[in-house]
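Input: a single structure, listed below in structure tokens.
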Amino acid sequence: MRLLAALAIACVAAAVAATAQAAPSPSDLEAELVCPTCKTTLDQSDAPIARRMKQIIRTRLAEGATEQQIKDELVSQFGPAVLAEPPKSGFDLLAWLLPLALLGAGAVGVGAIAWGWSRRRGEPDLAEAVDPELERRLDAELERFDG
Amino acid sequence: MTGRVQRVGQAIALIGVAALLALLVWKVAFGREEGAADELAKGKDVAAPAFTLDRLDTDGELGIDDLKGKAVVVNFWASWCIPCRDEAPVLQQTFERYRDRGLVVLGIDVNDFRKDARGFMDEHGITYPVVYDGKGSTVGKWGVTGFPETFFVDRSGQLVGERISGPVDIERNREAFERGVALALGSNQ
């Protein structure tokens, strides 16, 4: 029984490893690259240059080129704007970090305001809340009641 | 106090939304880069926008400023552009016909693979200088709206004549092409 379980785990692990190392498909790359004339991703473009780029991608994949190699080659021809996502290095890293930083700052701001509100609600300022005239009448009534 | 904080928060949110809306309106109304072709169409004196790019016909770089003193026919093209095939022989003939009078045809290959562009040049026997602009960095400055497109630059570096959209020397623009060449050369033939 233990042997069977070990075999099953080994099969699953092998399948996961095989999936992780699988060669990129042309459609994966086409969704990550932009047509330089129409500015949409290659998978959504039928422009002549997009068709040519798809052809080059298929040829290079068949030759065994990696995803990164193909992207580098296309960037050397058409510039970094050919990438649908900005690179995660150098100045372009800002495009990834800035939205996260703004989101974090927003969350901190909202949290601080909510905390401030909840604190004020927990400690009501009675002096400000009760009308002095009402307070005077209340004291008078209480005195009359006691008397 | 709470009410005041709320009002300040609402005001900040409203200002933010208004600023974003204003940015959107500005971008739609004025955000488009006005290229040299638009200025030329308004009848203004326009200097040919500068660039320096790698050559495809030989090693090294070439810019429009390097051609001061020459009449230049600037042709934007790409190997994947079908009408560019039709006009290639006309541009080559123009170069051969007027080169002794100081005219240069300068091809700018845009959004293309270098290898494909060189194949196109071999196929059509192109001997005039061609530079490579894979990123399309010249397109906005010149106001190019499609391929092919042709401009004429006189010996002082000013744009002359009119921009020709589409292949040159067809029925529709033969006159404009010949006039552009003549103006670039500094003659009124």
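Below, each value reflects all heavy atoms present in this structure, side chains not excepted, and no hydrogens, waters or symmetry copies.
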Choice from [options] maximising heavy atom contacts with chain B below 4.5 Å:
options                            : value
A:Pro48, A:Gly109, A:Cys35         : A:Pro48
A:Ala47, A:Pro80, A:Pro36, A:Ala81 : A:Pro36
A:Ile56, A:Leu74, A:Ile113         : A:Ile56

Exercise. Between B:Phe147 and B:Trp80, is the gap from one ring center to the other below 6.0 Å?
Worked result: yes
For this session: Sort out for me which of B:Gly136, B:Gly134, B:Ser137 touches chain A most, counting heavy-atom pairs under 4.5 Å.
Result: B:Gly134
Exercise. If we ignore angles and hydrogens, is there a donor and acceptor under 3.5 Å between the side chains of B:Tyr128 and B:Glu96?
Worked result: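 There is no such pair between these side chains.
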Exercise. Honestly curious: do A:Leu42 and A:Val34 fall in one hydrophobic cluster under the side-chain, below-4.5 Å linking rule?
Worked result: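 No; tracing contacts between hydrophobic side chains, which count when under 4.5 Å, never links both residues.
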For this session: Please indicate whether A:Lys71 has more than 12 foreign heavy atoms, meaning atoms of other residues, nucleotides or ligands, lying under 6.0 Å from its NZ.
Result: yes
Exercise. What do the steps show when you test B:Glu61 against B:Arg55 for salt bridge (Lys or Arg N to Asp or Glu O under 4.0 Å), and what is the final call?
Worked result: CA-CA 5 Å; B:Glu61 295 180 330; B:Arg55 292 182 73 151; over 6 Å; no
Exercise. Side chain, backbone, both or neither: which part of B:Asp133 has a heavy atom under 4.5 Å from chain A?
Worked result: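 Neither part.
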